[in-house]
2 protein chains.
Amino acid sequence: MRQRSPETWRQIRDSAVGLMAERGFDAVSVDDIVAEAGISRRTYFNYFAGKESVLFDPDPEDPLLWAELIAARPAGEPLWTALHQLIRAYTTAAAERMIRQRLVLRASPELAACSRKVCDRFWDAVRAWASQRNADSTELQLDLLINTAQTVLNTVLPRWDVDTGIAGLHRLIDEGFTLLQSPEWTTS
Amino acid sequence: MRQRSPETWRQIRDSAVGLMAERGFDAVSVDDIVAEAGISRRTYFNYFAGKESVLFDPDPEDPLLWAELIAARPAGEPLWTALHQLIRAYTTAAAERMIRQRLVLRASPELAACSRKVCDRFWDAVRAWASQRNADSTELQLDLLINTAQTVLNTVLPRWDVDTGIAGLHRLIDEGFTLLQSPEWTTS
DNA sequence: GCGCGGCGTGCACTGAGTGCAAGTTAGATG
DNA sequence: CATCTAACTTGCACTCAGTGCACGCCGCGC
C-alpha cells in the first residue's frame with residue numbers, strides 16, 4: 001500500500017463515489033472505477049485494500065483534523081459530554097463526506113452493515129485519547145462509553161434525511177445523547 | 001438458497017468451523033470446506049450465501065429458541081432489564097456456539113469487525129418484539145436502547161476469556177449493564 | 001410405467017484480490 | 001550530460017469467491 005500522491009487518491013475515490021452513487025455499489029466494478037479514474041487496475045489496489053475501502057477509508061489528511069478536534073476539548077469536561085461535542089464537531093467538519101456516503105448507501109442498502117465502520121479510524125483515535133485522559137477509569141468503562149457514543153451516531157445516521165443538512169443530523173444526535181443521559185432511560 | 005436438510009447444514013458448518021478454528025479463516029478455502037464435508041462446491045452456496053455466512057448464520061432452529069426466550073420475559077419488566085436478561089439467557093442457550101465462534105475469532109483476528117454482526121438476526125427478533133411491546137415509545141428510543149444493549153455485548157465479548165466459561169461472560173455482561181445504568185455514568 | 005418437484009452437481013463465467021517482474025519518471029550525483 | 005536510484009505505475013498470470021444454468025438423480029402420487 002505504497003501511495004504518495006493524495007491527488008491520485010482523491011481522483012480514485014471521487015470516481016468511485018460518483019459511479020456508485022449513480023449505479024449502486026454492486027453495479028460498479030473495480031474496472032469501471034479505474035477506467036473512470038484513468039489508472040490501472042493494479043494501481044487501484046496499491047491505494048485501496050479492497051472495493052469497500054474506497055468508501056470507508058479516511059481521507060489522507062483526516063488524522064490531523066481528528067487531532068485538532070480532540071485537542072479542542074476542554075480539560076475538565078465529562079467524557080460523555082466530550083464525546084457528544086466531538087461527534088458534533090466531526091460531523092460538521094466531515095459534512096460533505098457524510099452526505100456523499102449517505103447517497104451511496106441510499107443507492108446500495110446492502111452496505112448498511114458495513115456502514116457501521118464508517119468512522120472506525122476516528123473512533124480509534126478517540127479511544128487512544130480517552131485512555132490517556134481518564135487513566136483512572138478501566139478500559140472496560142472507557143470502551144463502553146465510547147462504543148455507546150458510537151452507537152448513538154450509528155443509530156441516528158440511517159434516520160437522517162440528507163436534505164435537512166448537518167443541522168438536521170445534529171438535532172438527531174442531540175436527541176440521542178439526551179435520551180441516554182436522562183435519568184429514567186433504563187426504566188421504560 | 002433452497003435447503004431442506006438441517007443435517008447437511010450442520011455437516012457443512014461443523015466442517016468449516018473445525019477447519020477454521022485450526023488454521024484460521026483465510027487459510028481455509030470453500031473447496032477445503034466442501035472436501036471435508038463431502039459435498040460439492042455448488043451445494044455449499046446453496047446453503048450459505050458466502051464464506052462468512054457459515055460462521056455467522058443462525059442455526060436453523062435458532063428462531064424458535066429466540067421466540068421462547070423472548071416470550072419468557074414478564075410483562076411489566078423495564079425494557080432495559082429485559083434486554084439484560086435476554087442477553088444472559090441467549091448466551092446461556094447458545095453457549096457452545098459462542099465458544100466455537102470465539103475460537104475461530106482467536107485464530108483469525110481479522111474477522112473482529114465482522115464479529116459484531118454475530119447475533120444480528122437475534123437482535124432483529126428483539127427489535128420486532130420491542131416495537132410491539134412498547135408501542136408508546138418512539139422507534140428511535142427503542143432502537144437506541146436495543147443498540148446500546150447490543151453494544152454492551154459486543155464490547156464485552158472480546159474481553160471474554162473462554163476458559164472462564166459462560167459464568168465468566170455473565171460477570172462481564174452484568175458489569176457492563178450495571179455501569180451504564182449507574183446514575184453517574186455520564187459524568188466521568 | 002410416468003410425470004413431477006425438490007435437491008445435488010458439473011460447468012463455465014465474472015469479478016475481487018495478490019505476487020512478481022518489468023517499465024517509467026524525477027531527482028541526486030558524478 | 002550520463003547514469004544511478006528510489007518511488008510509483010503497470011501488465012501478466014494466478015487463486016479464490018460467488019453465480020446462472022442445465023442436467024441428473026431420487027422419491028412421490030397417479
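Each chain gets a letter, A, B and so on, in the order its sequence line appears, and its residues count up from 1. Computed from heavy atoms alone, side chains included, the values below leave out hydrogens, waters and symmetry copies.
Residue-to-nucleotide contacts include no donor-acceptor pair under 3.5 Å from the side chain of B/R41 to the base of C/dG8.
Close to C/dG15, at under 4.0 Å from its OP1 or OP2, lies no side-chain N or O of A/S29.
Taking atom CE of A/M20 as the reference point, atom C1' of C/dA16 lies 12 Å away to the nearest angstrom. C/dA16 atom C1' lies 20 Å from atom OH of A/Y47, rounded to whole Å. Rounded to a whole Å, the CG atom of A/D31 is 12 Å from the P atom of D/dG11. What separates CZ of A/R42 from P of C/dT18 is a distance of 8 Å, to the nearest Å. The interatomic distance linking B/K51 (NZ) with D/dT15 (P) rounds to 16 Å, in whole Å. As a whole-Å value, the separation of A/E52 CD from C/dG15 P is 17 Å. Spacing between atom CD1 of A/I39 and atom P of D/dT10 amounts to 7 Å, rounded to whole angstrom units. Spacing between atom CD of A/Q11 and atom P of D/dT9 amounts to 12 Å, rounded to whole angstrom units.
Closest to the side chain of B/S40, out of D/dG18, D/dG11, C/dG10, is C/dG10.
Using a cut-off of 4.0 Å between Lys/Arg side-chain N and Asp/Glu carboxylate O, A/R13 and A/D57 are scored as not salt-bridged. The pair B/E61-B/R10 meets the salt-bridge criterion, with a side-chain N (NZ, NE, NH1 or NH2) lying under 4.0 Å from an Asp/Glu carboxylate O. The residues A/R121 and A/D124 are annotated as salt-bridged, a charged nitrogen and a carboxylate oxygen being separated by less than 4.0 angstrom.
Side-chain N/O atoms of B/D120 and B/Q150 include a donor and acceptor closer than 3.5 Å.
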